[in-house]
Chemist: 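Below you will find the structure I want to go over with you.
We count residues from 1, following the sequence as given.
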Amino acid sequence: MPPQRSRRLQPHRPQRPHQWFAERLLAVLSGQRPVHWMLGHTIGEAYDQLAELAPSTPLRATQGSRPVLRHCRGAQPATGVVEAFASIAAGDRVRAMAFRLEQGADQRWRCAAVELGGERLTAGAPSPR
């Protein structure tokens, strides 16, 4: 039997806020977690709007394939703001998700807006007249 190669140990890097939120949003929008799991992690009208979208489970499993987060990237256009995008795969289907995080005075990040396949949820969006 050939000798095993030792793996180079990588130092543990804490998950970035946008990666953490992408996983949580995926869990809610795929029906794996209830929407109230996002209480305290949203601001403005974002929670109510997420509650309206979640029951339709737009990121649900297809043909037995559980959706997974493929990629997640974020940019910081201003201090205390992260705009992120993620790709979600379920079987041979891939969906895109974009979201905005804002850091409060308490230094906690909260989701302020979510956009998924043309279904947009934004905190504080004016109502149509």
Side-chain angles (χ1 to χ4, degrees):
M1 186 173 350
Q4 289 185 336
R5 292 183 187 179
S6 63
R7 288 188 176 171
R8 192 171 126 202
L9 296 176
Q10 298 286 333
H12 176 70
R13 280 182 29 185
Q15 204 174 33
R16 292 186 170 163
H18 59 276
Q19 294 166 325
W20 187 84
F21 271 90
E23 291 285 356
R24 288 186 84 89
L25 290 168
L26 171 60
V28 170
L29 296 173
S30 66
Q32 297 172 46
R33 294 286 187 174
V35 73
H36 68 262
W37 199 46
M38 291 298 290
L39 275 172
H41 299 292
T42 56
I43 56 173
E45 295 176 20
Y47 178 81
D48 293 335
Q49 294 166 332
L50 187 59
E52 289 178 25
L53 183 61
S56 68
T57 57
L59 296 177
R60 68 186 161 277
T62 58
Q63 301 172 348
S65 297
R66 184 177 176 179
V68 294
L69 184 64
R70 287 180 49 184
H71 302 286
C72 183
R73 302 280 188 266
Q76 200 163 9
T79 303
V81 175
V82 172
E83 293 180 348
F85 67 91
S87 63
I88 314 298
D92 59 355
R93 184 173 156 212
V94 177
R95 300 276 309 261
M97 176 172 63
F99 54 98
R100 179 183 175 96
L101 304 177
E102 295 179 5
Q103 192 173 35
D106 61 1
Q107 300 303 304
R108 291 183 53 209
W109 290 97
R110 291 177 181 85
C111 185
V114 178
E115 189 170 329
L116 177 68
E119 300 169 76
R120 188 168 188 201
L121 305 173
T122 55
S127 59
R129 294 180 194 240

Chemist: Does E115 reach the side chain of M97, with side-chain heavy atoms less than 4.5 Å apart?
Modeler: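 They are not in side-chain contact.
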Chemist: Is the shortest distance from a Lys or Arg side-chain nitrogen in R110 or E102 to a carboxylate oxygen in the other one below 4.0 Å?
Modeler: no
Chemist: Identify the heavy atoms of C111 and L101 that sit nearest to each other, and give their distance.
Modeler: CA-CD2, 3.8 Å
Chemist: Could you tell me which non-hydrogen atom of H18 sits nearest to which non-hydrogen atom of G74, and how far apart they are?
Modeler: NE2-N, 3.5 Å
Chemist: At their closest point, which heavy atom of P58 faces which heavy atom of L116, and how far apart are they?
Modeler: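 Smallest heavy-atom distance, with atoms named: CG-CD2, 3.5 Å.
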Chemist: Would you kindly confirm whether W20 and L29 end up in one hydrophobic cluster when ILVMFWY residues are joined by side chain heavy atoms under 4.5 Å apart?
Modeler: yes
Chemist: Nearest 0.5 angstrom please: L53 CG to D48 CG, how far?
Modeler: 13.0 Å
Chemist: Indicate whether the side chain of R66 and that of Q32 have a donor and an acceptor atom separated by less than 3.5 Å.
Modeler: yes
Chemist: Linking I/L/V/M/F/W/Y whenever their side-chain heavy atoms sit closer than 4.5 Å, directly or via other members, would V81 and F99 fall into one cluster?
Modeler: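 No, separate clusters.
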Chemist: For a quick test of reading the model, state the closest non-hydrogen atom pair linking A22 to A86 and the distance between them.
Modeler: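 What the structure gives for the nearest pair is CB-CB, 4.4 Å.
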Chemist: Side chains of E23 and Q15: closer than 4.5 Å at any heavy-atom pair?
Modeler: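 The answer is yes; the side chains approach within 4.5 Å.
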Chemist: Are L69 and L59 connected, step by step, through hydrophobic side chains (Ile, Leu, Val, Met, Phe, Trp, Tyr) whose heavy atoms are closer than 4.5 Å?
Modeler: yes
Chemist: State, with a plain yes or no, whether a side-chain heavy atom of Q103 is found less than 4.5 Å away from one of Q107.
Modeler: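 Result yes, sub-4.5 Å side-chain heavy-atom pair found.
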Chemist: Has R108 got a side-chain atom pairing as donor or acceptor with G40's backbone, closer than 3.5 angstrom?
Modeler: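 Yes, R108 side chain to G40 backbone: donor-acceptor pair under 3.5 Å.
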Chemist: Quick check: closest heavy atoms across L26 and S30, and the distance to 0.1 Å?
Modeler: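 Nearest heavy atoms, L26 then S30: O-OG, 2.7 Å.
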Chemist: Taking R16's backbone N and O only, do any of them form a donor-acceptor pair with Q19's side chain (distance below 3.5 Å, no angle check)?
Modeler: yes
Chemist: If only atom types and distance count, is the side chain of R60 paired as donor or acceptor with the main-chain N or O of T57 below 3.5 Å?
Modeler: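 It does hold such a pair.
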Chemist: Which heavy atom of W37 sits nearest a heavy atom of H41, and at what distance?
Modeler: O-CD2, 3.6 Å
Chemist: Step by step, would you call Y47 with H36 a side chain to side chain contact (heavy atoms under 4.5 Å, CB included)?
Modeler: CA-CA 8 Å; Y47 178 81; H36 68 262; 3.6 Å; yes
Chemist: State, yes or no, whether a side-chain contact exists between F21 and V82 at a heavy-atom distance under 4.5 Å.
Modeler: no
Chemist: Is there a chain of hydrophobic side chains (I, L, V, M, F, W, Y, each step under 4.5 Å between heavy atoms) that links I88 to V35?
Modeler: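 Yes, I88 connects to V35 through the hydrophobic network.
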